[in-house]
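Here the structure is laid out as structure tokens; the discussion comes afterwards.
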Amino acid sequence: AARGHLAARRTFMEGGAELDIQLAYLGASRQRETDVPYGNIVGLNAHAAVLHYQHYGLQAPAARHSLLVDAGASVHGYASDITRSWAGDDALPLYRALIEGVEALQKRLIASLAPGVDYVDLHLEMHRELGELLRELGVVSLPAEDQVAQGITAAFCPHGLGHLLGLQVHDVAGRIPDHTTGDIRHPPQGHPMLRLTRVLETGMAITIEPGCYIIPMLLEPLRNDARGEHIDWKLVEALAPHGGVRIEDNLVITAEGALNLTRSPATGL
Ligand code: GLY
Ligand code: MN
Ligand code: MN
């Protein structure tokens with residue numbers, strides 16, 4: 001998968017269309033389209049904001065703002081699930097800063113992985129960090145905690161921090177009954193898309209995939225209520241042609257912390 005991601009980036013920088021990028025990914029990762037563990041997401045520009053974008057454009061757009069590739073590989077029946085976001089020649093400095101910020105917060109979340117860590121807490125920490133980042137970039141003026149409480153960060157990132165990974169991409173048993181009460185542990189209020197609500201244990205394979213997107217359908221409602229006053233809509237509109245950012249790594253929880261299967265000298269990612 002890493003070889004595919006690097007080839008995808010190269011093809012993007014050379015001006016390829018979404019289909020060219022997809023074919024470069026498949027070629028470099030030595031997979032035909034029916035072999036990949038899920039349909040590769042290859043989104044140029046605003047398409048990066050379509051969470052499960054499944055189209056491959058045939059024409060290269062004139063402006064090269066961004067590329068988001070969410071694609072894995074299937075090996076002995078096990079799936080990987082990796083996302084990278086790249087800035088193109090026409091990207092604004094604000095978008096480059098957003099990529100850097102999301103990558104930095106992703107690395108901080110990964111550094112805190114260990115057995116005994118509650119994944120729900122990590123998901124909420126992602127939202128708090130996203131609030132900090134949106135404030136630093138001048139996009140939202142409220143303190144991070146208020147952004148989380150008012151559902152502002154959820155409008156910028158409507159999906160969960162990640163999930164269990166294994167034979168299935170979204171592997172089973174992300175939400176199981178509590179030992180004592182027997183009740184399924186549901187995601188917290190306002191975060192229904194979180195697929196993993198367990199305390200981490202040694203040997204679990206998971207993803208960590210924070211994101212930040214300009215999804216008009218989710219952000220427009222904020223314009224029309226009190227929350228809209230705290231948002232710099234000019235910056236939102238400037239970011240919109242870039243779609244968004246997601247950075248996703250695959251990790252195995254170890255006794256000491258976590259082994260990052262995605263970022264290593266061997267993968268080049
Ligand atoms: N590629 C699907 C996911 O990241 O969960
Ligand atoms: Mn994933
Ligand atoms: Mn993914």
Side-chain angles (χ1 to χ4, degrees), residues 1-9 12 18 21-22 24-26 28-29 31 33-44 47-56 66-75 77-86 99 102-103 105-107 109-110 113 119-120 122-123 125-127 130 154 156-175 187 191-198 200 204-213 215 218 243-253 258-263 267 269:
R3 284 197 288 271
H5 277 276
L6 295 173
R9 177 175 185 271
F12 168 53
E18 287 167 353
I21 296 166
Q22 160 74 345
Y25 183 95
L26 294 174
S29 65
Q31 301 177 99
E33 205 165 302
T34 47
D35 291 334
V36 295
Y38 56 93
N40 291 350
I41 298 168
V42 179
L44 285 171
H47 295 158
V50 181
L51 292 188
H52 282 278
Y53 182 68
Q54 287 293 294
H55 182 74
Y56 303 116
S66 62
L67 169 69
L68 183 149
V69 176
D70 184 341
S74 197
V75 178
Y78 287 85
S80 62
D81 177 11
I82 298 171
T83 308
R84 287 295 182 270
S85 303
W86 309 106
I99 293 184
V102 171
E103 180 159 33
L105 79 85
Q106 191 236 20
K107 287 180 176 172
L109 292 169
I110 289 171
L113 290 172
Y119 199 81
V120 174
L122 272 187
H123 171 85
E125 177 62 14
M126 167 186 77
H127 276 272
L130 204 50
F156 283 95
C157 182
H159 60 71
L161 174 61
H163 48 87
L164 290 170
L165 179 68
L167 293 171
Q168 299 187 48
V169 177
H170 296 152
D171 215 2
V172 295
R175 300 175 186 174
H191 302 265
M193 302 311 288
L194 183 60
R195 297 176 192 269
L196 175 55
T197 60
R198 293 173 60 181
L200 297 175
M204 281 182 170
I206 63 165
T207 70
I208 294 285
E209 50 182 301
C212 185
Y213 316 86
I215 304 174
L218 298 182
V245 173
R246 177 166 65 260
I247 302 185
E248 176 175 26
D249 286 358
N250 302 166
L251 304 113
V252 175
I253 306 303
L259 172 65
N260 194 329
L261 302 173
T262 306
R263 285 179 203 273
T267 65
L269 282 180

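Nothing here was measured: the structure is a model prediction, and the numbers come from that model. We count ligands from 1, going down the list as the structure has it; atoms in each ligand are counted the same way. As a basis for the values below, the full set of heavy atoms in this structure was taken, side chains included, without hydrogen atoms, waters or symmetry mates.
Distances below 4.0 Å separate heavy atoms of E248 from the following atoms of ligand 1: 4 (O). Counting atoms of ligand 1 from 1 in the listed order, those under 4.0 Å from a heavy atom of H170 are 2 (C), 3 (C), 5 (O). Interface atoms of ligand 1 facing Y38, defined by a heavy-atom separation under 4.0 Å, are 1 (N).
Put simply, E209 stays out of reach of the Mn ion (ligand 3), with no N, O or S atom under 2.8 Å from it. When distances to the Mn ion (ligand 2) are checked against a cut-off of 2.8 Å, H163 contributes an N, O or S atom below that limit.
Checking H170, H163, H123 one by one against R195, the side-chain hydrogen bond (donor to acceptor under 3.5 Å, both in side chains) holds for a single residue, H170.
Using modelled atom types and a 3.5 Å distance limit, the side chains of Y56 and N40 yield no donor-acceptor pair.
Using a 4.5 Å heavy-atom threshold, the side chains of T262 and E248 count as separate.
Although no hydrogens or angles enter the test, the distance criterion places no donor-acceptor pair under 3.5 Å between the side chain of R175 and the main chain of R198.
The atom of E248 nearest to the Mn ion (ligand 2) is OE2, with the search restricted to N, O or S atoms. When the N, O or S atoms of D81 are ranked by distance to the Mn ion (ligand 3), OD1 comes first.
For H159, the heavy-atom gap to ligand 1 stays at 4.0 angstrom or more. Within the 4.0 Å heavy-atom shell around ligand 1 one does not find V169.
Atom CG of L26 and atom OG1 of T34 lie 9.5 Å apart (nearest 0.5 Å).
Ring centroids of Y213 and H159 are separated by less than 6.0 Å, placing the two rings close together. Between H127 and H191, the ring center distance clears the sub-6.0 Å criterion.
In this structure, Y38 places its OH atom where more than 12 heavy-atom neighbours from other residues, nucleotides or ligands lie under 6.0 Å away.
For ligand 1, none of its N or O atoms has an N or O atom of H52 under 3.5 Å away.
Protein heavy atom nearest atom 3 (C) of ligand 1, with residue, atom name and distance: D81 OD2, 3.2 Å.
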